Every structure is written in structure tokens, then in C-alpha cells.
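Some notes on the structure that comes next.
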There are 4 protein chains.
Amino acid sequence: MKQEDSPGTDPGKGGPRRPRRHDPARRTRVLDATLGVLVSDGAAGITHRKVAARADVPLGSVTYHFASLAELRAAAFARYVALRTEEFAAAFAEVRDRPGLLDALVAQVREATERRRSAVLGFELHLAALRDPGLRALTEEWTAASRAVLARFTGAVTASRLDALLEGLILRALLATTPEPEEETRAALSGVLGLPA
Amino acid sequence: MKQEDSPGTDPGKGGPRRPRRHDPARRTRVLDATLGVLVSDGAAGITHRKVAARADVPLGSVTYHFASLAELRAAAFARYVALRTEEFAAAFAEVRDRPGLLDALVAQVREATERRRSAVLGFELHLAALRDPGLRALTEEWTAASRAVLARFTGAVTASRLDALLEGLILRALLATTPEPEEETRAALSGVLGLPA
Amino acid sequence: MKQEDSPGTDPGKGGPRRPRRHDPARRTRVLDATLGVLVSDGAAGITHRKVAARADVPLGSVTYHFASLAELRAAAFARYVALRTEEFAAAFAEVRDRPGLLDALVAQVREATERRRSAVLGFELHLAALRDPGLRALTEEWTAASRAVLARFTGAVTASRLDALLEGLILRALLATTPEPEEETRAALSGVLGLPA
Amino acid sequence: MKQEDSPGTDPGKGGPRRPRRHDPARRTRVLDATLGVLVSDGAAGITHRKVAARADVPLGSVTYHFASLAELRAAAFARYVALRTEEFAAAFAEVRDRPGLLDALVAQVREATERRRSAVLGFELHLAALRDPGLRALTEEWTAASRAVLARFTGAVTASRLDALLEGLILRALLATTPEPEEETRAALSGVLGLPA
DNA sequence: AATGAATGAGTGTTCATTCAT
DNA sequence: TATGAATGAACACTCATTCAT
């Protein structure tokens, strides 16, 4: 909270100093840092200072690239949706039939508990959008993209049901202290898919 | 340490003054005010000041009854679960058969969009519990209570699926800009219940 | 910060409950607790709550027995002086000659570093009296009593010098990270006493 | 987040308004204000607000330059030691022989009662260091510097005794309601110096 | 006589934002 | 273009004190 020494000198304590100028990836690095803060501290825990520290950029750099906290938050959520949508599509890219689809869906639930990070971000976005209609477009886009991935195998109606159930299953899985057996997850999804349990 | 106005006088700005001592229901009123703030501003938006203003009690009264914000938040969530559990049970009290159950479930989704308040509180609790394991006991208790209500009609396994699907459907319904037709909701739930769509 | 259960019941968690009425030693217990807080947190760190907790009496009991914090502080200092004066006199009660006096004085310095508590209290009183003339009478009384003890062996003038040097030596001893050898302490006091080093 | 008055206008209540930006000496002014508060109210009486008011800077400026109160306090004490050490050295700069040294020492005691300010600061530092080992380095540095000044005339051993006695004499002088005659002070110091009284 | 609920001023600290450089 | 000093509102929390019981 005070720069005692001139920048560029004293490479000594506390990590690399900052001779950084011209840093084209900075915007992206700031957004990734923002997602990190979002996971740790929630949407309301995002502050310019925390983001700047995590991205290792000067405080002024954050306010320079993003006019307000709200803009920063929205941009970070948008980046999350872009990343997550791609990831989701990739998870189903190799799927060829219904049993394969079921496997992939079950894996989604399992992986959510293994890497809470992404799931927490998703719920943060949901809750933020519940309050801020400005984010609603983003959540709809996301939902539509997810359904489109699933609809390739099932048709729109079933895709929609699957998607809702998936959401509910992931939330339950994240909150459970004793995890449900994977067979039950599989059976629940099978039912909606019209497959034998 | 500085008495700006004599008590009882100056009803001028900002509403009625406060001759209130001895107020046994105060704790509860503070909790209800906290739930109100929670709905408006989210878990991180809870502040002693907002709660005090909404409950029409002095600031010190909030900190007196709840040693910390975390304690206040936890107590408010606990009150929500108690209220919501009772409400949920009541909604299924008159149900006698599977078609009746289906009606009641569909009504839950419909009502969530009509009275966002309670649904938002539920998701706030979920997200808070995702970060704070201390709240996990409360969410588990809540989930168990909800499943118990449903299990009366369906058995434990189906109740669990219904509960997860219900959660997902409600979230989707709350976030949708164009609401899904109620028939689709009904059909999705019917599938899990094993009823003809 | 809230008494959930009726007093007298629940002897369970957190130490003995409080069936205490009629407690004639309470005033004294409160004062001793105040001295404890004084040592830990300094004169400005005294609060009704800390004192009440340490004395295991209800908050109201402290304000009941002592009309204000200042009164409580003054009473605690007075108790300290009474205790310390007696202790000091006792330390010299068996002294019969100058060499014995020297030994006793050196012991005072040594013991100050061993039991910082009393020394810290003494300096707290000095500093408080520096600001609050109302405490000056107490410090003078204390100084006079100390000098009187020493004067029994040395006459008033030397007693006064000894007392001042003792104060300085104790302060230095308390603050030194590497303690001075006891021989040096002995030599310094010897000089004032007119004894061969 | 709320601009009550436009900057530069309203010179009305409470002194001149603040168009002050760019103020490189601000850190030092804040430290001097802190020493002022320290003298008036003691170490525990230091608050950001009192310091800000005394330095005539906004509250945020104090917290900006000093990350915590403890840091502010430590920096203020360090500044005091620097100033006081220089002053002490200056007081003995012209001393050429033992009688001159005695005069200078007696003057130190006399001046302490005349300008209590500095003496009080010294005792505040002692007491603070008694509790906070982090300040011990500062007090040791100070003691070493003082002894070094005196040792120029007397050798290390006598310097140490003189220093301790000086401390005790000053404390007694500050607390006495009826001041001791200067001759007694002189005699006490003479004894340690090995000069004829 | 004794208690603890109640109150609101005051604390340290964090922060979004502005702006001179 | 980019930075960080600067500002004041807001925050959680502590507290001396008052007062109804």
C-alpha cells in the first residue's frame, strides 16, 4: 500500500517486480484473476485491489481497463461462460449414442464435485443473474448452448429436462457431505433419457 | 456519549422516534429483517445497518443480539429453513395420490416464479453453504426434510430424484425471460413419477 | 453476550454457572481482575466487559460497584499500591545491615524481570499519573512508603537516590533483550550505598 | 460515494477546505501529528481520526500511508527516537570535562519537567515496548545511542549507571508535586560520576 | 441490591472511484 | 496510455453507560 522503491529496482523480496509495460494479455489476465476472486470470495467479494494483487498488475490498471466493478464482473462472467461452454461441448464431442451420452452426463456430475471451482462459478452467475437482469442474456445464452449440445442426441424437449436435472444433481452433489452413489445418479439420468436403468 | 436530541421529541425527520424498551420479539424481528436484506442484496449484502433500519431497531441492538455478522446470517438461514420446511410440508399435506402429487409439484415451480423471494433465499443458502461448511448441516437437514415429505408418496429413491429435478426446474424457471409452458414442467415431473405425461 | 438459559441450570459447558448472590468478596475480586486486565492490555485496555469476564461476575456488577471506568481504574491502582507496598516492606523486613540491604536491592531488580507483572503495573501507574493529577497523591504516597523502608538503613537522602536508581535499573532490566550481569547491578547500587563494589 | 459539497466552496464551518493534492511532506506531518496525540492521549489514545484532524489531512490519507495503527505507532516512535537522540547528542556536544558533564545531566532533569512533552513520549515508548517485543529493537537502539553519548566522558560502565539513574530521576521529577531541590539531583549524579558533591 | 438489555458514539479498516502526473 | 496517490463513505464491531426490572 505504498511503493517505497522506484519501480524496476529491488527485484529482491516478494516475487518479481514490475517492469511490465506493453502487456497485451493483461486484460485477459485480469479477467482470470477476477474469476479466481469470484471462486474464493463470491461475487460481492470482488474488489479492484484483490483482483490487481492476484493478477499482479497495478491497481490503476484494473480501473483503467474496466470502467467499474460491475463491468469487470460482467466481463468475467462472460469469459466464464465462453470457457465453460467450450468445455461442455468438448465433453460431448466424442459421444456417438445414448449410452455414451449417459456416461458423459454422469461424468459431468462426478467432475463437478472433483473440481468445485467451475460449478461454484456457475452458481454464482445464476444467483447474480437472479438479481441483475443485465446478466440474464448471458445465462440464457449459456443455457441455450448447453441444451443445443444435448439436443444433438435427444431432441429439444428431453435436452431441456436433462439440463434441469443435471443442474439439480450437481447442486445436490456439491452440498452432500456423504456423496450419493454414482449408480443413483446414473439411474436418475437414465430415466429421463428413456434408457433402462 | 453525545445526546443530540432528547428522546421522545423531534419526530421530525426519518420516521417515529424510539421510546422502545422491553421488546421481547426483537430477536425475531431482526431475523426477519435479515431475510429481507438477504433477498434484496444477497448474503454478502447483509450489513448491521441495513438490518437495523429494516427492523426499525437501533444499530447496537443488532450487534447486541448477534455477536457477529456470521452468527446473524446463520440464524437467519436457520429461520428460513424452519419456515420453508413447514411451508413445503403444508403444500403436500392434502395430497392423497400421485396425480395430486404431480399437481402440487408443478405448483411449487409456478409459485417460485410468482414469489421469487423464497426461491432466491434458497439459492442464497445453497451458495453460502458451498463456501461455508458450517452451513452444510443446515442444508442437509433441509434436503432431508424435503425428501421426507415427498417420500411419503414415492419412496426414497424417487423422492430424491424429484427433489433434484425440482431444484433444477425452479432455477431454470426463475432465470428464463420467456417462461416455459407449464405443460412441459408437468411432463418432466411426470416422467420421474412414472405417470403418463 | 446473551443469556440463553436460566441461571442456575445447565452446569454443563463453559465453566460453572452463576448461582452467586451475596458475594462479599466481589469488590475485591473485581479489582484483582482489573489488575489482570491492566497487565495484559494497559490502562486504556480496561473495559467493563473484560473485567467482568475475568472476575466471572455479571457485567452489571462491575458498573454497580464502580460508578465509572475512571473510578475502577483508580481503585485498582490503589489496591496495587497497597499490595506492592506491603510486599516491598516485607522484602526488607529481615535486613539487618548494609550488605543485607544491598542483597535485597539486587533481588528487587532480579525479581522484576522474573515476575514482570508487578513492574509493568508500576509503570502503568507512573504513566497514568503523568497525565492524571488525580493519581499523583497515590504515586507520592507510594514513593514515600518505599523511601521510608529504605531510609531505615540509609537516611532520607540516600534512600531517595537508591529509589530513583532502582526505578531506572528495573526499567532497563525489563527492556533489555540480553540481561545485564547481576554484578553490574550490584556495583551500581553499591556505589550509591557507599559500599565497596 | 456521495459528494455533499462541491470542492473548493463552502469555506464555512470548521476551517479551510482542502484543495490539497500532491503533498509530499504529508507522511512526515502525519507522524508529527501522531506524536502530538501520543503526548496528549497516550499510545492507546492514538486513533486515525485524531491524527488526521491534527495533521489536517483526510482520514483516508492516514490509512493510506500507514497500513495499520500499529505501523503508524511504530513509525511515530521511530521518529521520536531519531529526534530525541539527536537532541540528546546536541545537549552534550559542547561538554568538555566532568563538571561540564554534570551540568548537562542536571539540565536534562530540569528540562524534563519544563518540557514534559518529550519525557512523556519516552515513557510511552518504554511502556509500549514492555508489551510489544517488536518495539524492543527501537528502545535498545535508543539506549545504546544515549550511553554512547555519555560514554565519551565516562567509559561504558559509568555511562550505563548514569543513564539508569537519569531515567529514575526524571521519572521522579515528573511525578513530584513539590520538586526536589536541584542540589539533590546534582549530588546524586555527582556520586555516580565520582565527583565531589 | 443487582442484573443484563439496550443504545449510539466511536474504532480500525476496506474500498470504489477520481485525478494529477 | 498507464499509474498510484488521494479521498470520504461505509463497514463490522466494541464499548461506557443508562435504566427497567
Side-chain angles (χ1 to χ4, degrees), chain A residues 1-3 7 18 20-23 26 45-50 52 57-70 72, chain B residues 1-5 7 18 20-24 26-27 44-52 57-70 72, chain C residues 1-3 7 18 20-23 26 45-50 52 57-70 72, chain D residues 1-5 7 18 20-24 26-27 44-52 57-70 72:
Chain A
M1 192 155 292
K2 198 62 188 321
Q3 195 74 15
R18 214 176 279 146
R20 209 172 340 233
R21 284 283 165 134
H22 223 53
D23 181 356
R26 179 167 288 194
I46 300 175
T47 74
H48 289 122
R49 283 161 180 77
K50 283 188 216 159
V57 300
L59 170 60
S61 191
V62 179
T63 58
Y64 178 72
H65 286 287
F66 301 91
S68 74
L69 258 202
L72 175 61
Chain B
M1 201 154 283
K2 196 75 168 304
Q3 193 76 15
E4 289 286 326
D5 45 9
R18 222 176 268 145
R20 200 165 353 195
R21 282 279 172 133
H22 219 54
D23 180 358
R26 179 167 289 194
R27 237 188 99 96
I46 299 175
T47 74
H48 288 121
R49 283 162 180 76
K50 283 187 216 161
V51 169
V57 299
L59 173 59
S61 192
V62 179
T63 58
Y64 177 75
H65 284 287
F66 301 91
S68 73
L69 255 205
L72 175 61
Chain C
M1 193 155 289
K2 200 61 186 323
Q3 195 75 15
R18 215 174 279 145
R20 208 172 341 232
R21 283 284 165 132
H22 224 52
D23 181 357
R26 178 167 290 194
I46 300 174
T47 74
H48 289 120
R49 283 162 179 76
K50 283 187 215 160
V57 299
L59 171 60
S61 190
V62 179
T63 58
Y64 178 73
H65 286 288
F66 301 91
S68 73
L69 257 202
L72 175 61
Chain D
M1 200 155 280
K2 197 69 170 306
Q3 193 76 15
E4 290 287 325
D5 45 9
R18 225 176 266 143
R20 201 164 353 195
R21 284 277 171 134
H22 219 54
D23 181 357
R26 180 167 289 194
R27 236 187 102 95
I46 299 175
T47 74
H48 288 120
R49 283 163 180 79
K50 282 187 217 161
V51 170
V57 300
L59 171 59
S61 192
V62 178
T63 58
Y64 177 75
H65 285 286
F66 300 92
S68 73
L69 252 207
L72 175 61

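Every chain is numbered from 1 and lettered A, B, ... according to where its sequence line falls, protein lines coming before strand lines. The structure displayed is predicted, hence computed values, not measured ones. Values below: all heavy atoms of this structure, side chains included; hydrogens, waters and symmetry mates excluded.
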Original post:
Are OP1 or OP2 of E:dT11 and a side-chain N or O of D:His48 less than 4.0 angstrom apart?
Top reply: no

Subject >> Minimal non-hydrogen separation, A:Gly45 against A:Lys50, with atom names >> reply: O-NZ, 2.6 Å

Original post:
CD1 of B:Ile46 versus P of F:dA10: gap in Å, rounded?
Top reply: 19 Å

Original post:
What closest approach, in Å, do D:Ile46 and D:Leu69 show between heavy atoms, and which atom pair accounts for it?
Top reply: O-CD1, 3.5 Å

Original post:
Which heavy atom in C:His48 sits nearest to a heavy atom in C:Ser68, and how many Å separate them?
Top reply: NE2-C, 4.4 Å

Original post:
Which whole-number value in Å describes the distance from A:His65 NE2 to E:dT17 P?
Top reply: 17 Å

**OP:** Searching all strands shown, indicate the nucleotide that pairs with E:dT13 (Watson-Crick or G-U wobble; both distances under 3.5 Å).
**Re:** F:dA10

Subject >> A:Thr63 side-chain proximity, nearest of E:dT18, E:dT13, F:dA16 >> reply: E:dT18

Original post:
How many Å lie between CZ on C:Phe66 and C1' on F:dT18, as a whole number?
Top reply: 19 Å

**OP:** Report yes if a side-chain nitrogen or oxygen of D:Ser61 is closer than 4.0 Å to either non-bridging phosphate oxygen (OP1 or OP2) of F:dA6; otherwise report no.
**Re:** no

Original post:
Of the nucleotides E:dG12, F:dC11, F:dA16, which one has an atom closest to the side chain of B:Thr47?
Top reply: F:dC11

**OP:** Give the rounded distance in Å between these two atoms: CG of A:Leu69 and P of E:dT14.
**Re:** 17 Å

Original post:
Using purine N1 to pyrimidine N3 plus N6-O4 or O6-N4 for Watson-Crick, or N1-O2 and O6-N3 for G-U wobble, each under 3.5 Å, what pairs with E:dA1?
Top reply: none

Original post:
Closest approach of C:Ala52 and C:Leu59, non-hydrogen atoms and distance?
Top reply: CB-CA, 3.9 Å

**OP:** Might you point out which heavy atoms bring B:Arg27 and B:His65 nearest each other, and give the distance in Å?
**Re:** NH1-O, 3.5 Å

Original post:
Counting only distance, no hydrogens or angles, is the base of F:dA12 paired donor-acceptor with the side chain of B:Arg49 under 3.5 Å?
Top reply: yes

Original post:
Under 4.0 Å: is that the gap between some side-chain N or O of C:Tyr64 and OP1 or OP2 of E:dA1?
Top reply: yes

Original post:
Start at the 5' end of DNA chain E and walk down; is the nucleotide closest to A:Lys50 or to A:Gly60 reached first?
Top reply: A:Lys50

**OP:** For E:dT21, give its Watson-Crick or G-U wobble partner with both distances under 3.5 Å, or none.
**Re:** F:dA2

**OP:** Return the value, rounded to whole Å, for the distance between atom CG of A:Leu59 and atom P of E:dT21.
**Re:** 19 Å

**OP:** Look at the side chain of B:Arg26 and decide which nucleotide, out of E:dT7, E:dT13, F:dT3, has an atom nearest to it.
**Re:** E:dT7

